[in-house]
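What follows is a single structure, written as structure tokens, with notes after it.
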Amino acid sequence: MSISFSNPEGVHTPGSRYSHAALVVGGSRRLVISGQIGVAPDGTVVPGGEAQIAQALANLGTVLAAHDMGPANIVKMSVFLTDRGLITPWRMEREKFLGTLAPASTLLIVAGLADPRFVFEVEAEAVG
């Protein structure tokens, strides 16, 4: 299996670290991961936007690892923020989590999430 990311000519250059497309070729397993939020394993909602982003990414990493995958297997991420002020913290935490990887990505600013205490959610698709 091979994964390649692309930003084809004729489409604008990404404004951040992501790719317009992810192409998976060959036999693979596909993992669709539900939205991960800033809730610790003990069920508590972590306080603060940056902490919720970090916890949600830790949760995402745990789900990936449970399926013998890691960040390098992610081909698509969708991110939901309730506050534009969290864009820069999100990008910093994303870089810590993904390094130089740039999977296909969507970022949405939303009015709210399932619980008003939640300010961040990330869902992903991975192949392995």
Side-chain angles (χ1 to χ4, degrees):
M1 174 199 69
S2 69
I3 304 170
S4 61
F5 298 101
S6 66
N7 295 303
E9 285 189 37
V11 180
H12 67 87
T13 300
S16 180
R17 181 168 286 145
Y18 69 90
S19 299
H20 284 292
L23 178 64
V24 180
V25 178
S28 66
R29 297 178 303 134
R30 178 177 179 224
L31 179 63
V32 179
I33 303 167
S34 293
Q36 299 299 306
I37 51 179
V39 175
D42 67 2
T44 59
V45 177
V46 298
E50 292 181 36
Q52 284 194 24
I53 292 168
Q55 182 63 59
L57 288 173
N59 295 344
L60 179 59
T62 299
V63 173
L64 287 163
H67 295 88
D68 298 319
M69 295 186 190
N73 296 97
I74 295 173
V75 295
K76 172 72 166 88
M77 297 178 86
S78 296
V79 172
F80 306 88
L81 294 170
T82 62
D83 178 356
R84 287 183 188 282
L86 292 173
I87 291 174
T88 296
W90 154 242
R91 288 179 174 162
M92 291 182 344
E93 288 296 322
R94 177 188 61 192
E95 189 162 327
K96 287 182 204 172
F97 185 73
L98 293 175
T100 60
L101 300 173
S105 183
T106 299
L107 171 62
L108 299 157
I109 307 300
V110 297
L113 296 167
D115 182 311
R117 295 175 296 168
F118 304 155
V119 298
F120 176 85
E121 187 166 348
V122 58
E123 62 183 27
E125 292 193 36
V127 296

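- Here the closest non-hydrogen pair linking S6 and S19 is O-CB, 3.8 Å.
- A distance of 7.5 Å separates OG1 of T44 from CD of Q55, quoted to the nearest 0.5 Å.
- Of the possible polar contacts, one joining the Q52 side chain to the V46 backbone as a donor-acceptor pair under 3.5 Å is found.
- At a threshold of 4.5 Å between side-chain heavy atoms, the hydrophobic network of Ile, Leu, Val, Met, Phe, Trp and Tyr places V122 and I109 in one connected group.
- A search for side-chain hydrogen bond (donor to acceptor under 3.5 Å, both in side chains) contacts involving R29 returns nothing, not counting sequence neighbours.
- Using cut-offs of 30° and 60° on the angle between ring planes, the pair F120 and W90 is tilted.
- Pairing each heavy atom of P89 with each of E50, the nearest pair is CB-CG, 3.5 Å.
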**Prompt:** Run the side-chain contact (heavy atoms from CB on, under 4.5 Å) check on V24 and V75 step by step: do they pass?
**Reply:** CA-CA 8 Å; V24 180; V75 295; 4.0 Å; yes
**Candidate pair L98 and R17, rule side-chain contact (heavy atoms from CB on, under 4.5 Å), full reasoning** = CA-CA 10 Å; L98 293 175; R17 181 168 286 145; over 6 Å; no
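- The backbone N or O of V39 sits less than 3.5 Å from a side-chain atom of N59, completing a donor-acceptor pair.
- Between T13 and N7 the shortest side-chain heavy-atom distance does not fall below 4.5 Å.
- F80 has its side chain out of reach of I37: every pair of non-hydrogen atoms, C-beta onward, lies at least 4.5 Å apart.
- A donor-acceptor contact closer than 3.5 angstrom is absent between the side chains of R94 and S105.
- N73 has its side chain out of reach of L31: every pair of non-hydrogen atoms, C-beta onward, lies at least 4.5 Å apart.
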**Message:** As a quick check of understanding, evaluate side-chain contact (heavy atoms from CB on, under 4.5 Å) for Y18 and T106, giving each step before the final call.
**Reply:** CA-CA 9 Å; Y18 69 90; T106 299; over 6 Å; no
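- Counting heavy-atom neighbours within 6.0 Å of R91 CZ, excluding the residue itself, gives a total above 12.
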